[in-house]
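Inspection log for the structure reproduced underneath, given as structure tokens.
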Amino acid sequence: MLVRLLRVRLAVMNGVATMAGYLLFPGNREMVAAWLACCGVGLLAAGGSALNQVMERDLDRLMERTRLRPLPQGELSVAAATGIAAVLVSAGIMLLLKAGGVLPAVLGSAALVWYLGVYTPLKRRTGLALPIGALCGAVPPLIGWCVAGGSPGDPRIMVLSGVLFLWQMPHFWLVQRRHRQDYPADAAFLPSLPGNGEQLSPLFGLWLLALLAAALLLPAFGLLNGPAALCYPILPLVLIPLVLLRRERALRGVLNLFPLLLTMTILWEAGF
Ligand code: HEM
Ligand SMILES: CC(C)=CCC/C(C)=C/CC/C(C)=C/COP(=O)(O)OP(=O)(O)O
């Protein structure tokens, strides 16, 4: 039940993205702080998921994909879910404070407020909620970078956060297409985004090309060198034939792994 409430895989992947930001910063390898940051972000994302489900329990009841979640199923009360979220969010903020001081904790709190206070309400009104919500999803690498000693305005971390920002749109569009029955064109909530027809919309392909171009900025900016930079283009280039062959299930699987595979390349570059 808690796995469904906390969306553990999504929370863990946000922790992985935090590690990518930490390892991208050259030199610093204080791994205790790195792990504290990863766990802090993961706890914040998990707590955010629980509060998001408290706020969306009416919508979750309507969708096939979400109707089995603990609140629509009556497995958990609103008070209990809110209490669990409060513990997780408090713990997450404390871990970020311990990992890197006030700035990471403020960034994490701001991302959480954006997710719950901007993205979640906007979802009911406009499909533009997606790119707006993707801003908070691009914050985890920034948190890792700042914990490692980087400056939040450094172009190098802007490239990595920008890649994660761009990735979130095709990531969600494929989820939405997989559950298209939950997103009818006339949905009173969560208006469908372009690209929800039978075929993948040209917008999906264009957005994926933008993601690939942004991803290739990492070796281009010297953020990846040596063998990691040589092998790295394989990662985004695998996506192109999957789109052309319309292998959506494989495309969704590879795309969902994209943040993990990107982090592993940065881990390789960092000499682990
Ligand atoms: C606006 C941004 C995003 C939206 C709208 C979005 C939407 C979704 C949705 C609807 C699901 C399916 C969840 C379910 O059915 O229970 C999902 C799954 C997932 N998301 Fe996202 N997501 C976003 C950002 C992110 C970010 C930033 C990450 C991590 C870096 C992430 C990682 C994942 C993972 C790992 C899964 C589970 C995939 C699986 O179960 O195989 N997502 N996302
Ligand atoms: C540091 C920190 C807290 C960063 C934020 C990480 C984070 C929670 C990003 C948002 C991910 C997201 C929009 C998930 C989809 O929610 P949804 O409500 O659209 O999914 P649903 O349709 O399955 O309910």
Side-chain angles (χ1 to χ4, degrees), residues 3-21 37-72 85 88-89 92-93 95-96 104-124 127-144 146-147 160-161 163-179 182-183 189-190 193 249 252-263:
V3 169
R4 284 175 285 136
L5 180 73
L6 306 181
R7 276 179 283 182
V8 173
R9 281 183 289 201
L10 190 149
V12 167
M13 196 62 88
N14 277 285
V16 167
T18 305
M19 182 59 83
C38 292
C39 294
V41 167
L43 288 172
L44 279 181
S49 171
L51 289 173
N52 166 273
Q53 292 187 21
V54 166
M55 294 167 69
E56 292 189 330
R57 59 192 184 279
D58 57 329
L59 293 183
D60 283 350
R61 192 169 289 116
L62 303 176
M63 294 203 292
E64 192 60 32
R65 173 174 66 82
T66 57
R67 65 183 181 80
L68 296 180
R69 287 177 170 174
L71 287 163
L88 293 172
V89 168
I93 291 173
L95 287 186
L96 289 180
V106 166
L107 286 171
S109 306
L112 190 63
V113 167
W114 189 264
Y115 175 50
L116 298 170
V118 177
Y119 167 74
T120 301
L122 262 184
K123 276 175 70 176
R124 298 171 185 255
L128 289 176
L130 180 61
I132 291 168
L135 292 171
C136 68
V139 168
L142 191 59
I143 291 173
C146 292
V147 168
L160 182 61
S161 285
V163 168
L164 191 60
F165 170 82
L166 289 171
W167 166 81
Q168 293 171 76
M169 268 51 74
H171 157 68
F172 172 68
W173 282 336
L174 288 175
V175 168
Q176 187 183 48
R177 287 175 60 80
R178 180 183 182 191
H179 302 280
D182 286 337
Y183 297 90
F189 61 89
L190 300 172
L193 286 155
R249 186 169 174 190
R252 189 170 59 243
V254 173
L255 205 60
N256 275 349
L257 284 176
F258 188 82
L260 177 62
L261 296 173
L262 179 53
T263 305

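In each ligand, atom 1 is the first atom listed, and ligand 1 is the first ligand listed. A quick note: this is a predicted structure, and the numbers were derived from the prediction, not measured. Note: hydrogens, waters and symmetry copies are ignored here, and every other heavy atom, side chains too, is used.
Using a 4.0 Å heavy-atom cutoff, Val139 is absent from the residues neighbouring ligand 2. The shortest heavy-atom distance from Arg69 to ligand 2 is under 4.0 Å. At least one heavy atom of Cys136 sits closer than 4.0 Å to an atom of ligand 2.
When non-hydrogen atoms are compared, ligand 2 lies under 4.0 Å from neither the backbone nor the side chain of Phe172. Under 4.0 Å from ligand 2, not a single heavy atom of Met55 appears. Counting heavy atoms closer than 4.0 Å to ligand 1, residue Val12 contributes nothing at all. Contacts with ligand 2 closer than 4.0 Å are made by side-chain heavy atoms of Arg7 only, the backbone lying farther away. Contact annotation: for Gln53 versus ligand 2, there are no heavy atoms closer than 4.0 Å.
Annotation: the span from Leu112 atom CG to Ser49 atom OG amounts to 10.5 Å, rounded to 0.5 Å.
Residue contact check: Ala134 has heavy atoms under 4.0 Å from atoms 1 (C) of ligand 1. Atoms of ligand 1 found under 4.0 Å from any heavy atom of Leu130, numbered from 1 in the order shown, are 1 (C), 5 (C).
What sits closest to atom 34 (C) of ligand 1 on the protein, heavy atoms only, is Leu10 CA, 3.8 Å. Nearest protein neighbour of atom 4 (C) of ligand 1, counting heavy atoms only, is Phe172 CB, 4.3 Å. Counting only heavy atoms of the protein, atom 35 (C) of ligand 1 lies nearest to Arg9 O, 3.5 Å. Scanning the protein heavy atoms around atom 38 (C) of ligand 1, the nearest turns out to be Asn256 ND2, 3.6 Å. From the protein, the heavy atom lying nearest to atom 9 (C) of ligand 1 is Val175 CG1, 3.9 Å.
Within the 3.5 Å criterion, the main-chain N or O of Val139 finds no donor-acceptor partner in the side chain of Ser161. Judged by distance alone, with hydrogens and angles left aside, the side-chain atoms of Thr66 form no donor-acceptor pair with the main-chain N or O of Leu62 at under 3.5 Å. For Gln53 (side chain) and Pro70 (main-chain N/O), no donor-acceptor pair under 3.5 Å exists by modelled atom type. Remark: side-chain polar atoms of Asp182 are paired, donor with acceptor, to backbone N or O of Arg65 under 3.5 angstrom.
Remark: ligand 2 and Glu56 share an N or O pair separated by less than 3.5 Å (distance only, no angle test). Taking distance alone, with nitrogen or oxygen atoms compared against 3.5 Å, Trp167 stays at or beyond that limit from ligand 1. Geometrically, ligand 1 and Arg7 share no nitrogen or oxygen pair separated by less than 3.5 Å. The distance criterion of under 3.5 Å between nitrogen or oxygen atoms is met by Tyr115 with respect to ligand 2. At under 3.5 Å, not a single nitrogen or oxygen of Asn14, backbone or side chain, sits near a nitrogen or oxygen of ligand 2. The shortest N or O to N or O distance between Tyr119 and ligand 1 is not below 3.5 Å.
Remark: among candidates Gln168, Arg4, Gln53, the nearest residue to atom 24 (C) of ligand 1 is Gln168, based on non-hydrogen atoms. Between His179, Met63, His171, Met13, it is His171 that holds the heavy atom closest to atom 36 (C) of ligand 1. The residue from Arg65, Arg178, Arg69 that puts a heavy atom closest to atom 12 (C) of ligand 1 is Arg65.
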Chi angles and distances behind the side-chain hydrogen bond (donor to acceptor under 3.5 Å, both in side chains) call for Arg7, Asn52: CA-CA 11 Å; Arg7 276 179 283 182; Asn52 166 273; 2.9 Å; yes
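Using a 4.0 Å cut-off between charged side-chain N and carboxylate O, Arg69 and Glu56 make no salt bridge. A salt bridge links Arg124 with Asp58: at least one charged nitrogen is closer than 4.0 Å to a carboxylate oxygen.
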